[in-house]
Amino acid sequence: MENCSKYGFTFFTFLFIGLGTAMAQQKDKTLPKANEEYDQNKYAEAEADYRISNSKFPNRSVAPYNLGNAIYKQNQASEAKYAYAKALKNARSRVQKHKAYHNLGNVFMKEKNYTEAVEAYKNALRNGPDDEETRYNFALAKKMLKENPPKDNKDKNDKNKDKNKDKDKDKNNQDNKDQNKDNKDKNDKNKDKNDPNKDKKDGKDKQDQNQQPKPQPGGISKDRLENLLDAVNNEEKKIQDKVKARKEKGRPVQTDKDW
């Protein structure tokens, strides 16, 4: 294994060998070749052969784990995590899980996804609790997470702070309004109590109200009502005169015949 000083965490480059059956190892000639290429820092060639080995034996952990290492060495950490996930799926022993989780945590550290890094190292320690390098990486990941909380949590905390701030502001405003109202009512009450002319004013207001003229019922004045009645009577008289004139015009006139 080697220490990646740039990120301050360690990386397992241990190559899994002998994880399949003896017959499978004899048939898989690609895996030893890929391991040799990896040792010679030929990571692209090693990646190609690990992929071939993985396709031939898809249920084994050795090829995908070593494939993740080869990809990681080519500065493609985000892609390497899929290979480590495949290795974890096929892992049979705690040793295999420990190393795969450890390197998966390193991937998340490179991505600055400290939340997932903490979880990965935690799982690594569950399968290898005595490994000091994993413990160191775990502590470092927790430190980085504390210093760099997830954006969603930060936004949520800021939103809650603003909400509480507005709530406190509204409460203070309402308290001030209530206090001002109480003070006003108290001042008005004291003013009325201290006013020596209050009873006289109240008596005068009642007297004025009693002296005010009462409104006339009907909503129409006497003069206007008389004018309307006169107009109706005049119209009725005109109609009667017309009817009388028509009757007189249609009456036959009697005359004496001249024999």
Next item on the list: Kindly confirm or rule out a cation-pi arrangement of K89 over Y84, judged by NZ or CZ under 6.0 Å from the six-membered ring centre and within 45° of its axis?
Entry: no
Notebook entry, point to check: Should Q96 and Y65 count as side-chain neighbours, where that means a heavy-atom distance under 4.5 Å?
Noted result: no
Item checked: Any side-chain heavy-atom pair of Y50 and L31 under 4.5 Å -> yes
Next item on the list: Could you list the residues that satisfy salt bridge (Lys or Arg N to Asp or Glu O under 4.0 Å) with E45, not counting sequence neighbours?
Entry: none
Notebook entry, point to check: Mind checking whether Y72 and K81 have side chains closer than 4.5 Å, heavy atoms only?
Noted result: no
Next item on the list: Provide the full list of salt bridge (Lys or Arg N to Asp or Glu O under 4.0 Å) pairs with a residue in residues 134-146, sequence neighbours left out, each pair given once.
Entry: K143-E147
Check: Below 4.0 angstrom, N of the basic side chain to O of the carboxylate: do E36 and K33 qualify?
Finding: no
Checklist line | Student check: side-chain heavy atoms of R92 and S61 closer than 4.5 Å | finding: no
Notebook entry, point to check: Less than 4.5 Å apart, any side-chain heavy atom of K73 and any of N69?
Noted result: no
Next item on the list: Determine whether the side chains of N123 and Y121 contain a donor N or O and an acceptor N or O closer than 3.5 Å.
Entry: no
Checklist line | Positive for side chain to side chain donor-acceptor pair (under 3.5 Å) with H98, one of T134, N103, D130 | finding: T134
Margin query: Would you say that E37 contacts P32 through its side chain, given a criterion of any heavy-atom pair below 4.5 Å between the two side chains?
Written below: no
Next item on the list: Compare all side-chain heavy atoms of K112 with those of N148 and state whether any distance is below 4.5 angstrom.
Entry: no
Notebook entry, point to check: What residues, two or more places apart in sequence or in another chain, satisfy salt bridge (Lys or Arg N to Asp or Glu O under 4.0 Å) together with E116?
Noted result: none
Check: Taking atom types as modelled, is there a side-chain donor on D28 or S53 under 3.5 Å from an acceptor on the other?
Finding: yes
